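To start, the structure under review is shown below, and the notes come after it.
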Amino acid sequence: TGTSCSASGALLEVSNASPLITECIFFKSGGDGTDGDISIQNQANPTISNCLFPDGATTYVICFAKLTVKESEFRDADTSIMIAHYGGNMLFESCMFTDIAGNDDNGLGWAWWNATIEFDACTFTRINWDGARKVFNSTTPDPAHGVFSNCIFNCHVPSDITGTWYDNGGNNYIVPAGDSNLDRNVDIFDLLIIINNWGQLDSEFDQSGDGSIGVDDLLIVLSNWDST
């Protein structure tokens, strides 16, 4: 493409190369770089496998580069941890994301300017939990987007993913038992739904799975009261 990009202060920079990086621990640098702790650029195509990101090291993929991350764990981050733009691509396979504070706009990360971030067989737990609980965002202009397949979302729902994104199937959104309105809390609103739909058959609010709204559903809501 003739496009050239450069990182600004990243601890690990990969440009026009395709290394395999395995069994490493990446700590947040707290440095002065604007392009994250790991910067992948200029058509590079590295793979990170079986690594741990324990405190919010950020990854930045730009200028038609691609980063593949396999069987790695991201946890306990106090900010968003990934950005892809200017044709960059990220692919996360069988990764775990837990307690990523993120931010209310973008969750754990975002794609923009013709970039793509893909997640396959990943698990997401408590992303942006004290905020809007947003998992991911993609911004204009299209075709920047996210792709999710065969993922598990613990206490998250599809509306926690915003912007342009594609559900390629096999995704499982797990919410607390008794959470009838899917707001990830079991409270008075769920109780009112059960009461207002009492006796209904084949209802979407049937918590017990017995085909009707009744005592069993009421007990499920009460026994999970305040669950999140």
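This structure is a prediction, so every number in the text was calculated from the model and none was measured. For reference, positions follow the sequence shown, starting with 1.
- Interatomic distance, CG of Asn45 versus CG of Asn16, reported as 11.5 Å (0.5 Å rounding).
- In this structure a side-chain-to-backbone donor-acceptor pair under 3.5 Å is missing from Asn224 to Gly178.
- Using a 4.5 Å heavy-atom threshold, the side chains of Phe205 and Asp217 count as separate.
- One distance of note links OG1 of Thr47 with CD of Glu93; it measures 8.5 Å at 0.5 Å rounding.
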Query raised in the report: Stepwise, does the side chain to side chain donor-acceptor pair (under 3.5 Å) test hold for Asn150 with Asp120?
Result: CA-CA 6 Å; Asn150 305 306; Asp120 181 37; 3.1 Å; yes
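- Comment: Arg75 does not engage Asp99 in a salt bridge, judged by the lack of any side-chain N to carboxylate O separation of less than 4.0 angstrom.
- The aromatic rings of Phe124 and Phe119 sit perpendicular, their planes meeting at an angle over 60°, well past the 30° parallel limit.
- Atom CD1 of Ile194 is separated from atom OG of Ser180 by 4.0 Å, given to the nearest 0.5 angstrom.
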Report task. Dump the intermediate steps for side chain to side chain contact (heavy atoms under 4.5 Å, CB included) on Asn181 and Asp190, then the final yes or no. Result -> CA-CA 6 Å; Asn181 62 358; Asp190 302 293; 2.9 Å; yes
Report task. List the steps and the verdict of side chain to side chain contact (heavy atoms under 4.5 Å, CB included) for Trp165 and Val135. Result -> CA-CA 12 Å; Trp165 67 283; Val135 173; over 6 Å; no
Query raised in the report: Are Ile100 and Asn128 close enough, and set up right, to give a side chain to side chain contact (heavy atoms under 4.5 Å, CB included), and what steps lead you there?
Result: CA-CA 6 Å; Ile100 309 297; Asn128 190 214; over 6 Å; no
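- Side-chain atoms of His85 do not come within 3.5 Å of backbone N or O of Ala111 as any donor-acceptor pair.
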**Report entry** Worked verdict on Cys51 versus Phe26 for side chain to side chain contact (heavy atoms under 4.5 Å, CB included)
**Finding:** CA-CA 8 Å; Cys51 291; Phe26 292 93; 4.0 Å; yes
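- Linking ILVMFWY side-chain heavy atoms closer than 4.5 Å, directly or via other members, places Ile25 and Leu20 in two distinct hydrophobic clusters.
- Ile220 and Trp225 fall into different hydrophobic clusters, where Ile, Leu, Val, Met, Phe, Trp and Tyr are joined by side-chain heavy atoms under 4.5 Å apart, directly or via other members.
- Ser49 has its side chain out of reach of Ser72: every pair of non-hydrogen atoms, C-beta onward, lies at least 4.5 Å apart.
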Report task. Starting from the C-alpha separation in whole Å, work towards a yes-or-no answer on side chain to side chain donor-acceptor pair (under 3.5 Å) for Ser203 and Asn197. Result -> CA-CA 8 Å; Ser203 170; Asn197 289 274; 4.6 Å; no
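- Not one N or O on the side chain of Ser80 forms a donor-acceptor pair closer than 3.5 Å with the backbone of Met82.
- A ring pair (Phe, Tyr, Trp, His ring centres under 6.0 Å) with Phe136 is found for exactly one of Phe97, Phe148, Phe92, namely Phe148.
- Side-chain contact between Leu67 and Tyr60 is absent, with no heavy-atom pair separated by less than 4.5 Å.
- With rounding to the nearest 0.5 angstrom, the CD1 atom of Ile48 is 13.5 Å from the CD atom of Glu71.
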**Report entry** Stepwise side chain to side chain donor-acceptor pair (under 3.5 Å) test for Asn42 and Ser15
**Finding:** CA-CA 5 Å; Asn42 297 328; Ser15 180; 3.1 Å; yes
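- Under a hydrophobic clustering in which Ile, Leu, Val, Met, Phe, Trp and Tyr are joined whenever their side-chain heavy atoms come within less than 4.5 Å, directly or via other members, Leu201 and Ile195 fall into different clusters.
- Looking at every heavy atom in both residues, Gly146 comes nearest to Ser138 through N-CB, 4.4 Å.
- At least one side-chain heavy atom of Ile21 sits less than 4.5 Å from a side-chain heavy atom of Leu12.
- A centroid separation of 6.0 Å or more is found between the aromatic rings of Tyr173 and His156.
- The side-chain heavy atoms of Phe53 and Thr58, taken from C-beta on, include no pair separated by under 4.5 Å.
- Looking only at distances, no side-chain donor or acceptor of Asn185 sits under 3.5 Å from a matching main-chain atom of Asp187.
- Atoms OG1 and NE2, from Thr164 and His145 in turn, are 8.5 Å apart once rounded to the nearest 0.5 Å.
- Judged by distance alone, the side chains of Asn137 and Thr162 do bring a donor and an acceptor atom under 3.5 Å apart.
- Val14 approaches Ala17 most closely through the heavy-atom pair CG1-O, 3.6 Å.
- The main-chain N or O of Ile213 is never found under 3.5 Å from a side-chain atom of Asp206 such that the two would form a donor-acceptor pair.
- Under the 4.5 Å side-chain heavy-atom criterion for Ile, Leu, Val, Met, Phe, Trp and Tyr, Trp113 and Tyr166 are members of distinct hydrophobic clusters.
- Taken to the nearest 0.5 Å, the CD atom of Glu118 stands 11.0 Å off from the SG atom of Cys151.
- A pairwise comparison of heavy atoms in Ala77 and Ile81 identifies CB-CG2, 3.6 Å as the closest pair.
- With hydrogens and angles disregarded, no donor-acceptor distance shorter than 3.5 Å links the side chain of Thr123 to the backbone of Met96.
- Ser159 places no side-chain N or O within 3.5 Å of a backbone atom of Val157 that could act as its donor or acceptor partner.
- Heavy atoms only, all atoms of each residue included: Lys28 and Asp55 are closest at N-OD1, 2.8 Å.
- Gln207 and Asp216 are not linked by any side-chain donor-acceptor pair at a separation below 3.5 angstrom, with hydrogens and angles left out of the test.
- Side-chain heavy atoms closer than 4.5 Å link hydrophobic residues (I, L, V, M, F, W, Y) into clusters, and following such links, even through other members, never connects Phe153 to Ile174.
- Considering every non-hydrogen atom in both Thr116 and Ala84, the closest pair reads O-CB, 4.3 Å.
- Exactly one of Leu222, Asp226, Val221 qualifies for a side chain to side chain contact (heavy atoms under 4.5 Å, CB included) with Val186. That residue is Val221.
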Query raised in the report: Taking it one step at a time, do Ser149 and Asn168 satisfy side chain to side chain donor-acceptor pair (under 3.5 Å)?
Result: CA-CA 5 Å; Ser149 56; Asn168 278 4; 5.2 Å; no
